[in-house]
K.L.:
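After the structure tokens below, expect a handful of questions from me.
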Amino acid sequence: MQLESMYQEIILDHYRNPHNKGLREPHHGEAHHINPTCGDEITLRVRLEPAGGSLDGSATVADVSYDSMGCSISQASASVLTDLLIGRTVDDGMRVLAEFTELMHSKGQGEPDEDVLEDAVAFAGVSKYPARIKCALLAWMAWKDATAQSLETEKEGAS
Amino acid sequence: MQLESMYQEIILDHYRNPHNKGLREPHHGEAHHINPTCGDEITLRVRLEPAGGSLDGSATVADVSYDSMGCSISQASASVLTDLLIGRTVDDGMRVLAEFTELMHSKGQGEPDEDVLEDAVAFAGVSKYPARIKCALLAWMAWKDATAQSLETEKEGAS
Amino acid sequence: MTTSEPGRLDVEAVRADFPILARTVRDGRPLVYLDSGATSQKPRQVLDAERAFYEHHNAAVHRGAHQLAEEATDAYERARATIAAFIGAGSDEVVFTKNATEAINLVAYAMSNAATSGDEYHRFRVGPGDEVVVTEMEHHANLVPWQQLCQRTGATLRWFAVTPDGRLDLSDIDSLINERTKVVALAHQSNVLGTVNPVTAIAERAHAHGALVVADAAQSVPHMPVDVAALGVDFLAFSGHKMLGPNGIGVLWGRRELLAGMPPFITGGSMIGTVHIDHSTWADPPQRFEAGVPMAPQAVGLAAACDYLSALGMDNVLAHEQAVTAYALKQVGSLPGVRIIGPTDTADRGSAVAFTVEGIHPHDVGQVLDDLGVEVRVGHHCAWPLHRCYETVATTRASFYVYTTFAEIDALAEGIQAAQRFFGTAAAR
Amino acid sequence: MTTSEPGRLDVEAVRADFPILARTVRDGRPLVYLDSGATSQKPRQVLDAERAFYEHHNAAVHRGAHQLAEEATDAYERARATIAAFIGAGSDEVVFTKNATEAINLVAYAMSNAATSGDEYHRFRVGPGDEVVVTEMEHHANLVPWQQLCQRTGATLRWFAVTPDGRLDLSDIDSLINERTKVVALAHQSNVLGTVNPVTAIAERAHAHGALVVADAAQSVPHMPVDVAALGVDFLAFSGHKMLGPNGIGVLWGRRELLAGMPPFITGGSMIGTVHIDHSTWADPPQRFEAGVPMAPQAVGLAAACDYLSALGMDNVLAHEQAVTAYALKQVGSLPGVRIIGPTDTADRGSAVAFTVEGIHPHDVGQVLDDLGVEVRVGHHCAWPLHRCYETVATTRASFYVYTTFAEIDALAEGIQAAQRFFGTAAAR
Ligand SMILES: Cc1ncc(COP(=O)(O)O)c(C=O)c1O
Ligand SMILES: Cc1ncc(COP(=O)(O)O)c(C=O)c1O
């Protein structure tokens, strides 16, 4: 059984007891993503807190909340995401996203940086299963969209 | 060389000296047929002479004339057709057509009835070359159409 | 584990013809391929026939006068005759497409093209006020093309609902099929539920109102004897790759007189009558619908697949699948926490068995099965609206064919239990 | 008979890879296959790659989560990457179709579909007052779809004429391509004349007026290095079967941003975003344009063909064909009574050599050649309007590829003389 390499205990824990699940107010951006092959969905909200006067990459991710339906991998990944990103700056968060995306495309060969990815290193085994990569990335793609939206809204508001 | 089995002397003679070529008046029906793979064309006219009061299968094929562009097989076949059909009844002509069509689809295995087909037996070799069957049949299909048209016109005129 | 095989096929002999079935997956586990509903495996005979075409007779079909072109054309047209005979049709009624999807799109596009083609094609015209009827259980391939036809023409889409036990709800057939109905498109056999629909009865109703009937036979022609004359529909679509044949070839069967009166879809070489720089005329069917150099090697492969199935006997194929399905419905359906989506007995039912496992997402069920070498499909199986009817986003689907054994069903049932143990959702039996 | 081969290919080594070239035709004559313009022969490497897919990795691509489906998907997408690299494109810009014909129809139908799709697709809309520009030398596959687009939308078809020496007549380019022009569709290389058109210059003119440019590369990609970035067009279509690949697979390349803004053509499974019973959304390209279970084995075969050609080197392929063509133009063109249709030197000219023989119909020329084992194509080669320009209904066409030898050209020239002797139209030289 290679199952354990994919379904690490950390993943199963997050799956059974997801963190920050349930949509919260207030929020700046919201994104709804669907995995077209299996129909899994997530709605994810982001609230940012400006560092200086305006919302930009230096803003802090003040809150991430979500509602979702899906497999253990997609559910656990959303939960881990909130733990990792809440409290970081947007720029930092984007770096974590890049690192996580790279890990997911590493075909099981990645050497994840535990300092950056923390619990998310548990997903290394998922990268060996191409059909599941989308599951692991679903929440992250939604976070990227919702964050971009938050920054956009601010810009529009400002102009 | 198997060429001689296809290009019988009779065929080459008719090709070089086609009979009844050139469109003639009067005519009852005219059909224009094209071979869509090579672009060869024929325009063929039929004049019938009623046996009794009305034009039907017992009418005589009084004249067949045509104008055409095409390969040796299609040209010779048109020429042979006119020799064979002019002077016969429509019903008789249709029987010759059926016999000739059958010969063309015999894949070189047909035993043509020389009494019925006369010079047209020379086309037996063509039936071994599927891509050329359409060439041999082009004039015959046009004759069938033009004759059907002649009978139709008469019917319409009568009703 | 069951060792006797009550079906009428010598399954071990059949399996020996399929090279891929000898391979292992994951950590050296024997392959248990239960995804034939997505695509079937191919016997050596089919691969050999296709290769022989390439190695001995390859040329562009219907375009040459030389010997190779003659041989290629002859092989292609003989393949058409074999495939036509397989469904009780005439050769000139069989149009080759790349798959069932293209075959259905062909009809849907011909109908919108009729609006801008000559009056001789009026039979196929649809527009505002006209209705197109589908069902909630359609594969996307027999749903989206009709949505798009409606979008192009202004016609209205309507649909049959499905009942909780996986049948078409025919209670409103009288209002659904009416004088405004131009076309009724429905699956002969559902790729998720396994349900075999009462196509003939529905076609009768549709014909009474002058509507055309299109049957999606992608899941029926591979699995049961199908005779187009008896079925009573106007068009029938299926794919080669689901019936032991190669990829890249599908079939649209249509009634002779309808094909003759239908404008073309894809245009280009070999489907023309004459071409002028600013206008063209069309060849007769089936050529009218086969633009471009055709997939002759694949047609030859599909004919070899038909020969293979005919040698087994389609009655025997059906009997074998019925036996396997009955066994699967029993072995899988009786597991605690497992819910079969679709009919639970084999009456009017084919061999797709979709199910949910309480507390475990289908992706996770599929992952555990895959780890054991059991290859099933998870997701909405291109039937998203159907899954909404059952208030689930996804299911796990096992689907069977001539090479499926009872032992493989046992492996499936054991795998589901392994998933339940792994995720801790059920006490081991 | 010439024995030395000045091209840069080891033709005898190449020929050994093609099983069919060892066969004989008619009365045991060696096969002289000079019909590669219609379809090419396939090397063992391509047939092996396709068969290996079936025997080891066959599953429905992009539809499964099990190991076979992973392997099949991986093979399919690696094939896409190989083919993309072969033409200097990105993987996500390569759409698989069944042939070049479907690829061109895809663009033409997307343009009429844009009228009834959302505003985000307005870039592709055409209607009355808009113009579509083609050329008189187009293959029916790049002519009839545009005639039909005009018929569906009310746009006007216009065309470049050809000159007596087989080039595009560009004298009226300023009036032909103007602010009303929405699309210019033209052959990169003519399948009859061999002419290589100045696609880049014409594309610049078209782009200056905001028109889209579609290049029919069915006869260029197989025979010369093609780099889509350098070519400067927006869409490019070609077929696998003409470039050593399997039948049943073709390619539409499109600029990333254009594909992203283009509505779909064939609809069904695997091309969707979400599907509701009455409406759907679309996946991103290239999936948006690949409805249904794709022809993965054929994609793998085509990638093997690209690998084969890349190993030979496309520069060498071109050099070899130029040498063979130059020799053919000399040997055939100098025969009394023979008229070459198309450029008579190899500048901007590929390897199709079409000709007429005075006093002998092409069918009859072809028949004599066939009797000698020389397989050429006769007819209008799906370019009927072009033949009208030269006031002939049909021509005989010899076309060459990597396996063509100088000795085969000699056989062709001798065969033409044999025909002249047989029909008594020329004194033997
Ligand atoms: C120039 C040209 N365009 C398009 C095509 C069409 O290719 P296919 O029939 O493979 O779609 C061909 C070949 O037939 C061709 O030579
Ligand atoms: C019921 C049904 N219809 C249509 C299709 C489409 O077949 P293809 O993808 O081969 O075109 C499928 C399979 O995917 C199917 O199961």
K.L.:
Under the 3.5 angstrom rule, does the side chain of D/K98 hit a backbone N or O of D/G250 as a donor-acceptor pair?
P.N.:
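No, the answer is negative, given that no donor and acceptor are paired below the 3.5 Å cut-off.
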K.L.:
Do any of residues 135-144 of chain D have a heavy atom less than 4.5 Å from a heavy atom of chain B, and if so, which, in residue order?
P.N.:
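From residues 135-144 of chain D, none sit under 4.5 Å of chain B.
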K.L.:
When heavy-atom pairs shorter than 4.5 Å are enumerated against chain B, which of D/V393, D/D370, D/T395, D/T392 gives the highest number?
P.N.:
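Option with the top pair count is D/V393.
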K.L.:
Is B/S72 in contact with chain D via its backbone, its side chain, both, or neither, using a 4.5 Å heavy-atom distance?
P.N.:
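Both parts, backbone and side chain.
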K.L.:
Does D/D364 pair with B/R132 as a salt bridge, N-O distance under 4.0 Å?
P.N.:
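Salt bridge between D/D364 and B/R132, a charged N being under 4.0 Å from a carboxylate O: yes.
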K.L.:
Do B/Q2 side-chain atoms and D/D371 backbone N/O form a donor-acceptor pair below 3.5 Å?
P.N.:
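Such a contact is absent between B/Q2 side chain and D/D371 backbone.
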K.L.:
Show, in sequence, the C-alpha distance, side-chain angles and deciding distance for D/V192 and D/H387, and conclude whether the side chain to side chain contact (heavy atoms under 4.5 Å, CB included) test is met.
P.N.:
CA-CA 9 Å; D/V192 178; D/H387 280 75; 4.0 Å; yes
K.L.:
Using 30° and 60° as the class limits, which term best fits the ring planes of B/H14 and B/H19: parallel, tilted or perpendicular?
P.N.:
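The rings of B/H14 and B/H19 sit tilted, inter-plane angle from 30° to 60°.
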K.L.:
Can the ring centroids of D/Y33 and D/Y401 be said to lie less than 6.0 angstrom from one another?
P.N.:
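No, ring centres 6.0 Å or more apart.
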K.L.:
Report, in residue-number order, which members of residues 349-363 of chain D are under 4.5 Å from chain B by heavy-atom distance.
P.N.:
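Result: D/G359, D/H361, D/H363.
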K.L.:
Output, in order, the C-alpha distance, side-chain angles, deciding distance and verdict of side chain to side chain contact (heavy atoms under 4.5 Å, CB included) for B/I42 and B/W143.
P.N.:
CA-CA 10 Å; B/I42 188 166; B/W143 177 76; over 6 Å; no
K.L.:
With a 4.5 Å cut-off on heavy-atom pairs, point out which of B/Q75, B/E41, B/R16 contacts chain D the most.
P.N.:
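Sorted descending by pairs with chain D, the first entry is B/R16.
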K.L.:
Return yes if some donor-acceptor pair links the side-chain N/O of B/S150 with the main-chain N/O of B/G29 below 3.5 Å, else return no.
P.N.:
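Yes: the side chain of B/S150 pairs with the backbone of B/G29.
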K.L.:
Let me see the working for B/F123 and B/V80 under side chain to side chain contact (heavy atoms under 4.5 Å, CB included), right down to the final yes or no.
P.N.:
CA-CA 10 Å; B/F123 290 85; B/V80 167; 3.9 Å; yes
K.L.:
Going by distance alone, is a donor N or O of one side chain under 3.5 Å from an acceptor N or O of the other, for D/Y403 and D/S40?
P.N.:
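Judged by distance alone, the side chains do not pair up.
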K.L.:
Verify side chain to side chain donor-acceptor pair (under 3.5 Å) between D/T39 and D/H241, making sure each step is shown before the conclusion.
P.N.:
CA-CA 6 Å; D/T39 199; D/H241 70 90; 2.7 Å; yes
K.L.:
Quick check for you: among B/D40, B/I73, B/L12, which has the greatest number of heavy-atom pairs under 4.5 Å with chain D?
P.N.:
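Highest number of heavy-atom pairs under 4.5 Å: B/D40.
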